[in-house]
Asker: 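First, the structure itself, so that you have it in front of you.
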Number of protein chains: 2
Amino acid sequence: MLNEFDLFKDFLRQQNLRWTPQRKMILEVFLSFEGHVEIESLKNKIRLHQPDLGIATLYRTLKLLTDCGLVEAHSFQNGKKTYERMFHVRHHDHLICTCCGETIEFEHPLIEKYQLQICEQYGFTLKNHKMELFGICRNCLK
Amino acid sequence: MLNEFDLFKDFLRQQNLRWTPQRKMILEVFLSFEGHVEIESLKNKIRLHQPDLGIATLYRTLKLLTDCGLVEAHSFQNGKKTYERMFHVRHHDHLICTCCGETIEFEHPLIEKYQLQICEQYGFTLKNHKMELFGICRNCLK
DNA sequence: TCTATATTGATAACCGTTATCAATTTAAAA
DNA sequence: TTTTAAATTGATAACGGTTATCAATATAGA
Ligand SMILES: [Mn+2]
Ligand SMILES: [Mn+2]
Ligand SMILES: [Zn+2]
Ligand SMILES: [Zn+2]
């Protein structure tokens with residue numbers, strides 16, 4: 001059964017890149033998170049085990065993981081990127097609370113279908129999409 | 001018949017802010033563009049008439065226009081914001097060509113409806129949303 | 001082991017945007 | 001009109017997340 005480590009190793013080999021302790025550690029710690037992770041959180045947790053990991057290596061590795069499709073990078077409102085596991089995770093979109101920052105994931109097959117129809121209508125080849133609904137979550141309304 | 005100038009003036013008065021030649025010029029030049037405008041484009045065109053306009057004033061005024069609802073700010077892929085006229089313009093979403101940067105505007109009533117349904121389901125109060133479909137446009141396919 | 005080359009960490013640079021601040025302008029009151 | 005308090009302006013420094021640079025080091029195949 002393939003897992004993220006094997007896929008990442010294969011990707012690196014195909015690109016003539018190398019499997020290193022830093023890359024292994026970063027992937028391990030990344031997978032220990034749920035949902036959307038910020039660089040800052042990754043850095044803090046990784047440095048418990050490997051205090052001298054350079055921030056550039058972290059960014060570079062996240063870039064590689066994104067390139068090989070294991071991770072998706074989001075750029076939400078505040079300028080910071082977040083990273084999300086993509087392997088064996090269904091596509092979904094996001095509700096984002098502008099008050100507390102919480103994100104709720106959802107999917108709606110008909111919306112996806114209509115998106116494709118629209119692209120067809122304009123002769124547009126869809127590669128990916130982003131749908132983000134901003135508002136106030138249930139908790140913040142109380 | 002109300003226009004953007006009147007609305008902006010009213011907004012400023014309500015907030016105890018002032019109607020200045022710079023703000024008038026910026027709005028005029030902004031309205032002379034179609035579609036999505038970058039700060040850079042605005043700056044260049046404005047400086048033909050008013051070479052000493054400060055970049056900070058431009059950002060500040062766009063912020064005010066956004067706050068009063070006449071303008072919408074987008075943050076697409078490349079880190080730069082673009083600004084779009086909102087007054088007497090129907091809500092719409094965007095197809096964005098990752099090759100040439102062209103944007104195509106579309107609307108789909110059913111998608112809008114399903115978005116509201118989803119929010120209802122999660123007890124989420126929708127304030128606004130962003131739907132961007134990334135891909136290759138008709139021209140870039142040739 | 002040897003060797004070419006990929007990787008690393010430190011840190012400078014980048015770049016769009018925002019904050020700071022003294023000089024100036026606005027608009028309402030006197 | 002003059003006065004006055006407060007908003008505005010332009011120059012420029014600062015910000016902050018991210019990326020580029022580079023010399024030292026690690027990797028992996030020959
Ligand atoms: Mn979707
Ligand atoms: Mn829409
Ligand atoms: Zn919330
Ligand atoms: Zn195109």
Asker: Output all residues satisfying salt bridge (Lys or Arg N to Asp or Glu O under 4.0 Å) with A:Glu4, sequence neighbours left out; order by chain, then residue number.
Answerer: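 Counting only residues at least two positions away or on another chain, A:Glu4 forms a salt bridge (Lys or Arg N to Asp or Glu O under 4.0 Å) with A:Arg85.
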Asker: Report yes if at least one side-chain N or O of B:Thr20 is closer than 4.0 Å to OP1 or OP2 of C:dT25; otherwise report no.
Answerer: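 For B:Thr20, the contact criterion (side-chain N or O under 4.0 Å from OP1 or OP2 of C:dT25) is not met.
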Asker: Could you identify which residues of residues 43-52 of chain B place a heavy atom less than 4.0 Å from some atom of DNA chain D, listed by residue number, or say none?
Answerer: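 Per residue number, the list reads B:Asp52.
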Asker: Specify the residues of residues 53-70 of chain A, ordered by number, for which at least one heavy atom lies under 4.0 angstrom from an atom of DNA chain D.
Answerer: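 Residues of residues 53-70 of chain A under 4.0 Å from DNA chain D: A:Ala56, A:Tyr59, A:Arg60.
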Asker: Could you list the residues that satisfy ring-ring contact (aromatic ring centres under 6.0 Å, His included) with A:Tyr114, not counting sequence neighbours?
Answerer: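 A:Tyr114 satisfies ring-ring contact (aromatic ring centres under 6.0 Å, His included) with B:His108 once adjacent residues are dropped.
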Asker: Is B:Lys130 close enough and on-axis enough to A:Phe134, meaning under 6.0 Å and within 45°, for cation-pi?
Answerer: no
Asker: List in chain and number order the residues that pass ring-ring contact (aromatic ring centres under 6.0 Å, His included) with A:Phe87, two or more places apart in sequence or in another chain; answer none if no residue qualifies.
Answerer: none
Asker: Does anyone know the first and last nucleotide of DNA chain D in reach of chain A, 5' to 3', at under 4.0 angstrom to a heavy atom?
Answerer: D:dG17 to D:dA28
Asker: With A:Glu72, which residues qualify under side-chain contact (heavy atoms from CB on, under 4.5 Å), at least two apart?
Answerer: A:His74, A:Met86
Asker: Atom CG of B:Leu12 and atom P of C:dA28: how far apart are they, to the nearest Å?
Answerer: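 It is 13 Å, rounded to the nearest whole Å.
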Asker: Grouping I, L, V, M, F, W and Y whenever their side-chain heavy atoms are under 4.5 Å apart, do A:Leu7 and A:Val89 come out in a common cluster?
Answerer: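 No, because A:Leu7 and A:Val89 fall into different hydrophobic clusters, even though each may have its own neighbours under 4.5 Å.
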Asker: Applying side-chain hydrogen bond (donor to acceptor under 3.5 Å, both in side chains), name anything that partners B:Lys113, two or more places apart in sequence or on another chain.
Answerer: none
Asker: Given atom NZ of B:Lys80 and atom C1' of C:dC14, what is their separation to the nearest angstrom?
Answerer: 13 Å
Asker: List the residues meeting salt bridge (Lys or Arg N to Asp or Glu O under 4.0 Å) with B:Glu107, not counting sequence neighbours, and say none if there are none.
Answerer: B:Arg90
Asker: Is it possible for you to say whether A:Leu2 and A:Leu65 belong to one hydrophobic cluster, with membership spreading through side-chain heavy-atom contacts below 4.5 Å?
Answerer: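 They do share one cluster, since a chain of ILVMFWY contacts under 4.5 Å joins A:Leu2 to A:Leu65.
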Asker: Under a plain distance cut-off of 3.5 Å, with no hydrogens placed, do B:Ser32 and B:Lys45 share a side-chain donor-acceptor pair?
Answerer: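 A pair is found: one side chain offers a donor N or O, the other an acceptor, under 3.5 Å apart.
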Asker: Residues two or more places apart in sequence or in another chain: which of them pass salt bridge (Lys or Arg N to Asp or Glu O under 4.0 Å) with B:Glu38?
Answerer: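 B:Lys80.
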Asker: In residues 21-34 of chain A, what residues come within less than 4.0 Å of DNA chain D, judged by heavy atoms?
Answerer: A:Pro21
Asker: Rounded to whole Å, please give me the gap between NE2 in B:His74 and C1' in C:dT17.
Answerer: 18 Å
Asker: Could I get the full list of salt bridge (Lys or Arg N to Asp or Glu O under 4.0 Å) partners for A:Glu28, not counting sequence neighbours?
Answerer: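 With neighbours one apart ignored, the set is A:Lys24.
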Asker: Step through it carefully: locate the ring centre of B:His94, locate the ring centre of A:His129, and say whether they are under 6.0 Å apart.
Answerer: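 So the answer is no for these two rings.
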